[in-house]
Amino acid sequence: ARLLGSPHPNLWRGIQVEDCERADSHRRFQSRTYGFVTTPADEWEFVAMPREGVPYPHTPENSAEWRVPSGHEWFGEAGRQAVPLDSFLSTVRAERAGLCREEA
């Protein structure tokens, strides 16, 4: 089986296809950092275009459900905040770093 190949000519679309349209896009996995369970497709949505009212894992809205997985160190008390990517890219922090959509 061929594991590596040329990147998708449209990098953004290639990342979206990999996270949302592949056979394993909805296969659940446990985050190594915070221990929550998610899928590649859910993480794409959280980063690229979060929807209001969706109970994404490890956000302040569901802090009562946060768990530290055994054998892991706890990182942070604030959780992660769903921010539309375009909004993040317009922040001073992202502009100073010179980030483009694919890098963020």
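- Sorted pairs that involve residues 82-91 and meet salt bridge (charged side-chain N to carboxylate O under 4.0 Å, His left out), not counting sequence neighbours, are lacking altogether.
- When atom types are taken as modelled, the side chain of T59 and the backbone of Q81 share no donor-acceptor pair closer than 3.5 angstrom.
- Counting only heavy atoms from C-beta outward, the side chains of F29 and P40 approach each other to under 4.5 Å.
- Pairs engaging residues 36-46 under the side chain to side chain donor-acceptor pair (under 3.5 Å) rule: T38-E43, T39-D42, E43-R80, E45-R51, E45-Y56 [sequence neighbours left out].
- Closest non-hydrogen pair, P50 versus A82, comes out as CB-CB, 3.6 Å.
- Taking CD1 of I15 as the reference point, atom CG of L11 lies at 4.0 Å (rounded to 0.5 Å).
- Annotation for H26 and A41: closest pair CE1-CB, 3.4 Å, computed over non-hydrogen atoms.
- Under the salt bridge (charged side-chain N to carboxylate O under 4.0 Å, His left out) criterion, R13 pairs with E21, not counting sequence neighbours.
- Applying the salt bridge (charged side-chain N to carboxylate O under 4.0 Å, His left out) definition to pairs two or more places apart or across chains, none involves residues 95-104.
- W12 is connected to L99 through a chain of hydrophobic side-chain contacts under 4.5 Å among Ile, Leu, Val, Met, Phe, Trp and Tyr, so both are in one cluster.
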Check residues 87-94 and write down every donor-acceptor pair under 3.5 Å in which the side-chain atom is one partner and the other belongs to a residue at least two apart or another chain.
residue: S90; atom: OG; partner: S87; partner atom: O; Å: 2.8
residue: T91; atom: OG1; partner: F88; partner atom: O; Å: 2.7
residue: T91; atom: OG1; partner: A94; partner atom: N; Å: 3.3

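- Judged as a side chain to side chain contact (heavy atoms under 4.5 Å, CB included), and not counting sequence neighbours, E52 has no contacts.
- Hydrophobic clustering, with ILVMFWY side chains joined whenever heavy atoms are under 4.5 angstrom apart, keeps F46 apart from M49.
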